[in-house]
Amino acid sequence: MEDLYPSRYSSEPEIVKRKDPVIHTDRSKDHESPLSTEQLDFYEQNGFLQIENFFSEQEVSEMQKAIFELQNSNQDSESDMIIREPEGNEIRSIFKVHDSDEYFKKVANDQRILDIVNHLLGSEVYIHQSRINYKPGFTGKEFDWHSDFETWHVEDGMPRMRAVSLSIALSDNYIFNGPLMLVPGSQNYYVKCVGETPEDNYKESLKRQKLGVPDQESMRWLADQGGISVPTGKAGAITLFESNTMHGSNGNITPYPRNNMFMVYNSVENQLVEPFSGNQARPDFIAERNPKLKVNK
């Protein structure tokens, strides 16, 4: 398959325009969308959309209880799906929760979510990746700037920009406790990063990403174009962001945790091929290669 978005092959970074639409359903069908025209306009222009109070207080309380039960039950686990902090033993992320946990499987298949992502992607979808992210007070570490698609393309073989990420806020997000930061408009530009990808890069990158991270000049250019947006608000909000939207988060040195459930919905028409890095495919707990877990409208 032709590599439409080559990256990590040159010693010099480059910024190119995207070759795919941001919304994959014909905009003349906005009236069929669960999102308003204004919300669709915002997502298309900025590459993300926050919806406050998406989940009720009771639903949030149940999810908060469930993520800590999951964390406690995995404290001594040696599973590869449990990612720990780079400088400690604290659990940073737990992967594939939509498949390994019945409660989170129901959350991932919430029809309210599916109606939105089906419309944005213009097709049926399957879950490419899911995880719980924990960012405790005082010790929660940062996530460097990156486009998810760059990694999914190079290391997993995702052909096109036809996936959407969804973050469910399970703690209140303040400007100061390491919230998600996004660069509006960055979804329209693809940063070709530098550095050769070694085998099993995921073992280090899930703790601290070093490859697929934009150079400072490219990052400054993107931020100069669109600024930096920080969606804050109460637990229960969701943030949808396009697979190529540049994002990251600071470390959390405040007393207030910032936890979330993160899911990636990929179009069934955008199934993974061989990684464009030429390396072996990453494990399916990071990148689902068999859309047997397809979820329907």
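In this chain, numbering begins with 1 at the start of the sequence shown. Both backbone and side-chain heavy atoms feed into the values below; hydrogens, waters and symmetry mates do not.
- Hydrophobic clustering places Met263 together with Trp152 (ILVMFWY residues linked when any side-chain heavy atoms are closer than 4.5 Å, directly or through intermediates).
- One distance of note links CZ of Phe143 with CG of Asn250; it measures 12.0 Å at 0.5 Å rounding.
- Side-chain atoms of Gln187 come within 3.5 Å of backbone atoms of Gly185 as a donor-acceptor pair (strictly under, hydrogens ignored).
- Side-chain atoms of Asn74 never come within 3.5 Å of backbone atoms of Ser77 as a donor-acceptor pair (strictly under, hydrogens ignored).
- Looking at heavy atoms from C-beta onward, His119 lies out of side-chain contact with Leu35 at the 4.5 angstrom threshold.
- Taking the side chain as every heavy atom from C-beta outward, Pro231 and Leu182 approach each other to under 4.5 Å.
- Within the 3.5 Å criterion, the main-chain N or O of Ile286 finds a donor-acceptor partner in the side chain of Gln129.
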List the steps, then state whether side-chain contact (heavy atoms from CB on, under 4.5 Å) holds for Glu288 with Leu272. CA-CA 8 Å; Glu288 179 59 58; Leu272 305 187; over 6 Å; no

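- The shortest non-hydrogen separation linking Phe176 to Thr254 is O-CG2, 3.1 Å.
- At a threshold of 4.5 Å between side-chain heavy atoms, the hydrophobic network of Ile, Leu, Val, Met, Phe, Trp and Tyr places Phe262 and Tyr103 in one connected group.
- Donor-acceptor pairing under 3.5 Å is lacking for the side chains of Glu242 and Thr245.
- For Pro6 against Asp3, the heavy-atom pair with the smallest separation is N-OD1, 3.2 Å.
- Of all the heavy atoms in Val264 and Ser165, the pair that sits closest is CG2-OG, 3.9 Å.
- Note: the hydrophobic cluster containing Phe149 does not contain Val194 (ILVMFWY, side chain heavy atoms under 4.5 Å, direct or indirect links).
- Within 6.0 Å of the CD atom in Gln75, the count of heavy atoms belonging to other residues, nucleotides or ligands exceeds 12.
- Distance alone, capped at 3.5 Å, is enough to place a donor-acceptor pair between the Ser277 side chain and the Val154 backbone.
- Residues Thr232 and Asn173 have side chains that never bring a donor and an acceptor to within less than 3.5 angstrom of each other.
- Closest approach of Arg282 and Glu155 over heavy atoms only: CD-OE1, 3.5 Å.
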| message | Test side-chain contact (heavy atoms from CB on, under 4.5 Å) on Phe54 and Ile168; report intermediate values, then the result. | response | CA-CA 9 Å; Phe54 189 87; Ile168 303 173; over 6 Å; no

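- Considering Asn260, Asn259, Asn177 in turn, Asn259 is the only one that fulfils the side chain to side chain donor-acceptor pair (under 3.5 Å) rule with Ser171.
- No side-chain heavy atom of Val97 sits less than 4.5 Å from a side-chain heavy atom of Ile67.
- Residue Arg220 qualifies as open at atom CZ: its count of foreign heavy atoms under 6.0 Å is 12 or below.
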Would you sort out whether Ile91 and Ile132 count as a side-chain contact (heavy atoms from CB on, under 4.5 Å), showing the intermediate values? CA-CA 10 Å; Ile91 293 178; Ile132 305 297; over 6 Å; no

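- Under 3.5 Å, the side chains of Asn109 and His98 contain no donor-acceptor pair of N or O atoms.
- To the nearest 0.5 Å, atoms CD1 (Ile15) and CG (Asn188) are separated by 12.5 Å.
- A donor-acceptor pair under 3.5 Å is formed between the side chain of Gln64 and the backbone N or O of Leu170.
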Q.
Could you go through Tyr265 and Leu114, starting from their C-alpha distance and side-chain angles, then the distance that decides it, and tell me whether this counts as side-chain contact (heavy atoms from CB on, under 4.5 Å)?
A. CA-CA 9 Å; Tyr265 295 89; Leu114 298 183; 3.8 Å; yes

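- Residues Pro214 and Leu222 form no side-chain contact, since every pair of their non-hydrogen atoms from C-beta on lies 4.5 Å or further apart.
- Once rounded to the nearest 0.5 Å, the distance linking CD of Glu269 with CG of Asn266 reads 10.5 Å.
- Residues Pro159 and Asn270 are in side-chain contact: their nearest non-hydrogen atoms beyond the backbone lie under 4.5 Å apart.
- Screening Glu196, Glu14, Glu150 for a salt bridge (Lys or Arg N to Asp or Glu O under 4.0 Å) involving Arg8 leaves a single residue, Glu150.
- Annotation for Phe138 and Ile253: closest pair CD2-O, 3.6 Å, computed over non-hydrogen atoms.
- When every heavy atom of Thr37 is checked against every heavy atom of Arg27, the shortest pair comes out as O-NH2, 3.8 Å.
- Heavy atoms from other residues, nucleotides or ligands lying under 6.0 Å from OH of Tyr256 number 12 at most.
- Here the side chains of Ser93 and Asn133 are in contact, with some heavy-atom distance below 4.5 Å.
- Hydrophobic clustering (ILVMFWY, side-chain heavy atoms < 4.5 Å, transitive): Ile175 and Val183 are in one cluster.
- The main-chain N or O of Leu121 is found under 3.5 Å from a side-chain atom of Arg162 such that the two form a donor-acceptor pair.
- Distance check, rounded to the nearest 0.5 Å: CG of Leu120 to OG1 of Thr25 gives 7.5 Å.
- Checked against the 6.0 Å centroid threshold, Tyr43 and Phe241 do not count as a close aromatic pair.
- The side-chain heavy atoms of Met219 and Val191, taken from C-beta on, include no pair separated by under 4.5 Å.
- With rounding to the nearest 0.5 Å, the separation of CG in Asn46 from OG in Ser229 is 7.5 Å.
- In Lys19, the NZ atom is crowded: over 12 heavy atoms of neighbouring residues, nucleotides or ligands sit closer than 6.0 Å.
- Side-chain atoms of Asn244 never come within 3.5 Å of backbone atoms of Met161 as a donor-acceptor pair (strictly under, hydrogens ignored).
- Cluster annotation: Val273 is not connected to Tyr190 through the hydrophobic network of ILVMFWY side chains, with a link wherever side-chain heavy atoms come within less than 4.5 Å.
- A side-chain donor-acceptor contact under 3.5 Å links Lys135 to the backbone of Gly178.
- Listed for the Asp215 side chain is a donor-acceptor partner under 3.5 Å among the backbone atoms of Ser218.
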task: Dump the intermediate steps for salt bridge (Lys or Arg N to Asp or Glu O under 4.0 Å) on Glu102 and Lys105, then the final yes or no.
output: CA-CA 5 Å; Glu102 287 299 320; Lys105 182 181 292 186; 3.5 Å; yes

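- A salt bridge links Lys96 with Asp99: the closest approach of a Lys/Arg side-chain nitrogen to an acidic carboxylate oxygen falls below 4.0 angstrom.
- Side-chain polar atoms of Tyr5 and Asp20 form a donor-acceptor pair below 3.5 angstrom.
- Annotation: the span from Phe276 atom CZ to Asp156 atom CG amounts to 11.0 Å, rounded to 0.5 Å.
- Listed for the Ser7 side chain is a donor-acceptor partner under 3.5 Å among the backbone atoms of Cys193.
- For Glu57, the CD atom counts as loosely surrounded, since its 6.0 Å shell holds 12 or fewer non-hydrogen atoms of other residues, nucleotides or ligands.
- Arg160 has its side chain out of reach of Ser267: every pair of non-hydrogen atoms, C-beta onward, lies at least 4.5 Å apart.
- Under the 30°/60° scheme for interplanar angles, the aromatic rings of Tyr134 and Phe68 are found to be tilted.
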